[in-house]
Amino acid sequence: MEDEIKNFIKVWILALASLTYCYLIPSKIPKGKFRFLSLLPIIIFFIILPLNLTTISLGGITAFFLPWLANFNLLLFSFGKGPLSSDDPYSISFSRFIFTACLPIKIKQNPSLKSNPKTKQTTKSSPLNFAIKGLELALAIVAAMAATLLNLELEPQFHDPYLSTSLQDFWGRRWNLMVPNILRPTVYDPILYVSTVIVGRKWAALPAALATFLVSGLMHELIFFYYGRVRPTWEVTCFFVLQGFCVALEILVKKVVKGRWRLHPVVSAPLTVGFVVVSGAGLFFPQLVRCDAFVRSSVEVAAFVGFFKELGWTIFGMSNWVSQWCTSNF
């Protein structure tokens with residue numbers, strides 16, 4: 001575990017150095033293909049960096065923050081879009097550029113307003129909700145220092161997904177909102193524009209949705225490869241393609257019925273969540289089992305606890321020695 005922590009520190013030093021280059025050089029190049037070419041080596045480098053880590057915990061965090069978040073933000077930045085871009089290249093400070101590039105945070109535009117108790121939504125206390133809050137807490141811990149020091153706030157990650165009344169609602173507005181916020185401008189919008197020219201505005205959303213889910217599936221395959229270093233079975237890609245096909249079918253049905261008929265939320269919510277859970281159990285979770293993700297995670301947690309416990313005793317022993325030396329000499 002000590003070697004893994006050292007590698008983790010080295011990887012992130014290299015990542016910060018790379019993002020420093022992105023802030024100093026490409027940001028001064030006009031948006032477009034030349035800025036993209038100046039960023040392309042960093043994008044490739046961020047895909048390679050997580051291969052230096054082998055744990056689910058440290059390697060998984062790095063795989064999510066660099067090949068996914070940072071690379072997609074840099075792609076948007078290439079063409080003057082996304083959270084890293086601004087009309088004034090000097091309006092984003094260096095520290096905000098670094099943290100916004102690779103962490104699930106956004107710049108706070110206005111002070112948070114106290115919620116009105118009359119309009120405040122209530123959430124159910126369910127096992128799924130507790131699990132989601134746990135994921136949000138994990139991301140909050142990662143970005144807490146940035147949020148405190150730089151007046152940044154976390155992107156909301158989940159919005160009661162167990163209340164989803166459709167697959168569009170689940171994937172687009174409730175589940176892991178950081179991902180659709182990235183995929184929408186990088187994949188969905190460009191494909192929608194091209195599809196509008198080819199098949200017309202009415203049906204352009206169908207290929208755009210399919211392409212977005214396909215890219216999401218391929219990115220998940222890459223992250224699972226970082227986890228286990230095993231040959232992809234493409235089950236995860238099939239899971240997301242299935243979701244994309246069903247979302248496209250849902251869009252098609254809504255266009256046909258035009259609001260004349262709709263399932264009651266009491267029926268549509270269990271159907272939506274049930275379909276995601278069942279399809280995930282058959283296509284998504286087996287890859288996690290194949291990587292021994294759950295067993296390895298528990299072993300890694302125990303190893304981290306042991307490492308920091310030993311480190312704590314070492315620091316305690318050194319402080320006692322320093323205290324005794326100072327007492328005897330002064």
Check: How about F240 and L283: do any of their side-chain heavy atoms sit closer than 4.5 Å?
Finding: no
Margin query: The test is salt bridge (charged side-chain N to carboxylate O under 4.0 Å, His left out); show your working for R174 and D169 and say whether it passes.
Written below: CA-CA 6 Å; R174 293 185 180 273; D169 186 30; 2.9 Å; yes
Next item on the list: Step by step, work out the side chain to side chain donor-acceptor pair (under 3.5 Å) result for T233 and E235.
Entry: CA-CA 5 Å; T233 60; E235 290 172 301; 3.0 Å; yes
Next item on the list: Determine, step by step, whether W203 and K255 satisfy the side chain to side chain contact (heavy atoms under 4.5 Å, CB included) criterion, reporting the C-alpha distance in whole Å, the side-chain angles of both residues, the deciding distance to 0.1 Å, and the verdict.
Entry: CA-CA 9 Å; W203 308 110; K255 289 182 179 294; 4.0 Å; yes
Next item on the list: Flag the pair F170 / Y162 as yes when their ring centroid distance falls below 6.0 Å, and as no otherwise.
Entry: no
Margin query: As a quick check of understanding, evaluate ring-ring contact (aromatic ring centres under 6.0 Å, His included) for F213 and Y188, giving each step before the final call.
Written below: CA-CA 9 Å; F213 277 93; Y188 183 85; 9.6 Å; no
Note to self: Looking at Y193, I want to see if its OH is surrounded by more than 12 non-hydrogen atoms of other residues, nucleotides or ligands under 6.0 Å.
What the structure shows: no
Note to self: Check whether F77 forms a cation-pi arrangement with K31 (NZ or CZ under 6.0 Å from the six-membered ring centre, at most 45° off the ring normal).
What the structure shows: no
Item checked: Over all atoms of both residues, closest heavy-atom pair of L242 and S279 -> CD2-CB, 4.0 Å
Next item on the list: Would you please test E221 and W234 for side chain to side chain donor-acceptor pair (under 3.5 Å) and show each step?
Entry: CA-CA 7 Å; E221 292 281 4; W234 307 112; over 6 Å; no
Margin query: Taking the six-membered ring for Trp, are F97 and F94 closer than 6.0 Å centroid to centroid?
Written below: no
Note to self: If you count heavy atoms of other groups shown closer than 6.0 angstrom to NZ of K10, is the number above 12?
What the structure shows: no
Notebook entry, point to check: Checking Y226 side chain against I47 main chain: does a donor-acceptor pair fall under 3.5 Å?
Noted result: yes
Check: What are the two closest non-hydrogen atoms of P67 and L222, and how far apart are they?
Finding: CB-CD2, 4.3 Å
Checklist line | Which atom of R229 lies closest to which atom of L51, heavy atoms considered | finding: NH2-O, 2.8 Å
Item checked: Residue pair I98 / T20: nearest heavy atoms and the distance that separates them -> CD1-N, 3.9 Å
Notebook entry, point to check: Looking at CD1 of I42 and CG of L14, how far apart are the two atoms once the value is rounded to the nearest 0.5 Å?
Noted result: 10.0 Å
Check: Where does the angle between the aromatic ring planes of W68 and F64 fall among parallel (under 30°), tilted (30 to 60°) and perpendicular (over 60°)?
Finding: tilted
Notebook entry, point to check: So F79 and F36, would you call those rings parallel, tilted or perpendicular, with 30° and 60° as cut-offs?
Noted result: parallel
Item checked: Side-chain donor or acceptor of N73 paired with backbone N/O of A101 under 3.5 Å -> yes
